[in-house]
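Heads up: the structure comes next, in structure tokens.
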Amino acid sequence: MPELPEVQTVVRGLIQKVLGKEIQEIIELRPGTVIWQTEITNLGNIVEISRRGKYIILQTSEKLKLIIHLRMTGKLIFETDWNKNAKHARAEIIFTDKTKLIFNDVRTFGKIQVMNHDEEVEAFSRLGAEPLSETFNKRYLTEKLLRRTAPIKNILLDQRVVAGLGNIYVAEILFRSKIDPRKSGKILKSVQIKDIVKHTKVVLQEAIKHNGTTISDYRSVEDKTGEFQNFLKVYGKKTCECGAQIIKIKQAGRGTYFCEKCQK
DNA sequence: ATTGCTTCCTGAGCGC
DNA sequence: TGCGCTCAGGAAGCAA
């Protein structure tokens, strides 16, 4: 599932492969994949590629922007063979040099929004701090956890609190912080909040360095897997490094992995 | 204001 | 071999 490190890896790949290219057309292969929020005559060249939370932002010379969310199984694969097709291709961004970007998505939850450069992305107004920015610090998180009775796992998954974390990284962050994911946000000690902030930054940076985590679907722009799955300590594991059994429960509709011995 | 449930969707894996 | 079931989960929408 693409979370911040995977999206960041895709952005890095896009900068290498498609920055500067001129978009000839966007072909929607499955209805509902592309959301047109403005009239288009000419798409223009890609002039800037960035990320906000788990959203990818492509800006063009024609004052347009494409907002792409991969959700669970979305991929953006760069393809130099114009005639090549992919099994679950939902849309294609065709460039004038006969290369293309295939938006592949088994579960079809991913979307591409096409809108004006100066138009506000509604979803962005709800997003919390970027975890790798200065804004995401102990003071910020302490304020966000105030009065929140939900389990810390659920709170960290909430994009309004911090933008970019998903199920895998939250599990790893709480493991490294030695905090029980079931623990209510508001009862966390000052030092625990400090640890969450610290380990969030460390885990995300390490994962970015290793091109993200591939459990099943995630691939880079070059259709390669990440490597951070080799460094996971709890997500999907049976045994903890301490020797105890990893426990699996369900929280917020998702699998939570943790070690009862290490995480209090 | 916050919480937690449901919904969207397809393929993999499992038991029989 | 194939059927039916469960599981995987990001975020919106909704009820409480």
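Numbered from 1 within each chain, the chains take letters A, B, ... in sequence-line order.
Residue A/K250 has a polar side-chain atom (N or O) positioned under 4.0 Å from OP1 or OP2 of C/dA8. Contact annotation: A/K54 side-chain N/O to C/dA11 OP1/OP2 distance is under 4.0 Å. For C/dG9, neither phosphate oxygen OP1 nor OP2 lies less than 4.0 angstrom from any side-chain nitrogen or oxygen of A/R71. For the OP1/OP2 pair of C/dG10 and a distance below 4.0 Å, the side-chain nitrogens and oxygens of A/H69 include no atom meeting the criterion. Side-chain N/O atoms of A/H88 include none lying less than 4.0 angstrom from OP1 or OP2 on B/dC9.
With hydrogens and angles left out, the side chain of A/R107 and the base of C/dA8 share a donor-acceptor pair within 3.5 Å.
Whole-Å rounding puts the A/K248 NZ to C/dA8 C1' distance at 8 Å.
Side chain of A/K100 to main chain of A/W82: a donor-acceptor pair is present (N/O by atom type, distance under 3.5 Å, no hydrogens or angles).
No hydrogens or angles considered: a donor-acceptor pair under 3.5 Å links the side chains of A/S190 and A/K138.
The side-chain hydrogen bond (donor to acceptor under 3.5 Å, both in side chains) test with A/N167 singles out one residue from A/Q251, A/K153, A/E172, A/E3, and that residue is A/K153.
Here A/Y257 lies out of heavy-atom contact (under 4.0 Å) with every strand. At a threshold of 4.0 angstrom between heavy atoms, the contacts of A/Q159 are confined to the sugar-phosphate backbone, with no base atom among them.
Residue A/R126 has its side chain nearest to C/dA12 when only B/dC9, C/dA12, C/dA8 are considered.
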